[in-house]
Amino acid sequence: MKKIFLNLLKQPITNSYLSKINNRVIKKEFFYNLSVAYDNKTHLVSLSKPVNPKMQFTDKYAHRASQSITMLKSFKKISKNLKKRFKPKKTLEIGSNDGVFLKNFKKKEIIAVEPCLNLAKITKKKGYLTYPEFWTKKLSKKIFKKHNGLDLIYAANTICHIPNLREVFDAISISLDKNGVFVFEDPYIGAVLKMNSYDQFYDEHVHLFSLLSISKLLKDSNLRIFDIDLLDTHGGSIRFYVCKNISKFTVKEKVKLLKKKEIKQELNKFKTYKKFSLRVKKSKKELLTLLKKIKLKGKKVISYGASYKSATIFNYCNIGTELIEYATDTTKNKQGKFTPGKHIPIRSPNGEIEDNVDYAFLGAWNFVKEIKKKEKNFLKRGGKFISHVPNVKLIGL
Ligand code: JHZ
């Protein structure tokens, strides 16, 4: 049974960065109620009412996975490790975005699946065989017919975006070779609870996974987990290594240990999530108090990164241009637009943070190390970053 533990109020579609003409919003915005539930049968944490994926993964998809050095390095490292460990001849990536993972493979070795048509065009143009479609059983059957069993299927920050997980896993079972491997990574619910990073909940993050939940869900599709990695990426992610029940892989000790840890942390209890929701409310109060105090002193505050995550914060905390003047973002197709819901203008960073900025809210807090390195001058002249994780705080030199 699913029970709601967190209500993040009315939220827009995070990908709907707005264009304005003559200072008037030209698009009518869609809002929905963002509430999050725990299912005591599967231990899965999911949005109580996901929005229609066709409204999200359009031909105007804004996010480009290759916008951070951290992620470029991470994709390079994982592709190298996967090649070395599993020696795949035929690999497929679900949700290939702008090709940040694909580019580490030879064109004939990898197939891309990407439903956002603007992104699928990018990888197609680069010469990768790209299916511009959602990952479904139908597509998996089509791929199996054409290419036979796949040795490796990979997905990063994709599977948690798909409402129907049974369809995803059944589709994996169809095209994965007997000893093939399905590797996927997504933000980890354990890390979200630890970091109080409630901004990991937004329309696209339909689920946040634990080992306990994925272990249960895979069973129905005759799949199992044989290894995991806990990662620093995106503020704490989990990578699952999955195979068919009948395959040769034996379960690593790490899997058993994490299962025990999750039980100890009570990730299988509703009360754990209810407690988290109280911490979220406290975080909102503290962030608003801090921003208002800074503003009263006449200081200039911007947002560093117009991330999808930050849309949850701005809309839940009701933060608009009265508190944050503008956001900077390196993604070209976000620049000149306005954040969904709260309409904060987005600018190109034009190199470093401007001299007249006193505080920068970390919309991209998950890249704090990379950002601190880039913005040494801002910190040296007394500029401060504002972070809401794991608690509301200022970050200086
Ligand atoms: P970033 C997106 O979420 C959407 P977002 C998606 N649903 C998902 O799961 C994750 O990605 C993986 C910018 N930036 O990556 C780039 C700077 O401006 O945390 C990005 O727009 N300067 C698929 O948007 C944003 O910040 C910088 O120096 O929450 C960060 O977004 C750096 C490092 C980033 O994901």
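These numbers come from a predicted model, not from an experiment. The analysis underlying the following values was restricted to heavy atoms, covering all of them including side chains, and did not include hydrogens, waters or symmetry mates. Both ligands and their constituent atoms are indexed starting at 1 by order of listing. Heads up: numbering here begins at 1 and tracks the sequence.
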- So is Q67 polar-close to ligand 1, meaning N/O to N/O under 3.5 Å? no
Of the protein's non-hydrogen atoms, which lies at the shortest distance from [atom], and what is that distance?
atom: atom 2 (C) of ligand 1; result: H63 ND1, 3.4 Å
atom: atom 5 (P) of ligand 1; result: Y308 N, 3.5 Å
atom: atom 20 (C) of ligand 1; result: D329 OD2, 3.6 Å
atom: atom 31 (O) of ligand 1; result: S307 CB, 3.6 Å
atom: atom 14 (N) of ligand 1; result: T330 OG1, 3.6 Å
atom: atom 29 (O) of ligand 1; result: K309 NZ, 2.8 Å
atom: atom 3 (O) of ligand 1; result: Y202 OH, 3.2 Å

- Query: What residues form a ring pair (Phe, Tyr, Trp, His ring centres under 6.0 Å) with F134, not counting sequence neighbours?
  - Reply: none
- Item | Residues forming a ring pair (Phe, Tyr, Trp, His ring centres under 6.0 Å) with F201, sequence neighbours excluded | none
- Message: Could you check whether any heavy atom of H205 sits closer than 4.0 Å to an atom of ligand 1, since that is the contact criterion I want to use?
- Response: yes
- With a cut-off of 6.0 Å (strictly less than), are more than 12 heavy atoms of other residues, nucleotides or ligands near NZ of K137? no
- Query: Going by atom types alone, do T91 and E109 pair a side-chain donor with an acceptor below 3.5 Å?
  - Reply: no
- Message: Can you check which of E370, K334, K374 brings a heavy atom nearest to atom 27 (C) of ligand 1?
- Response: K374
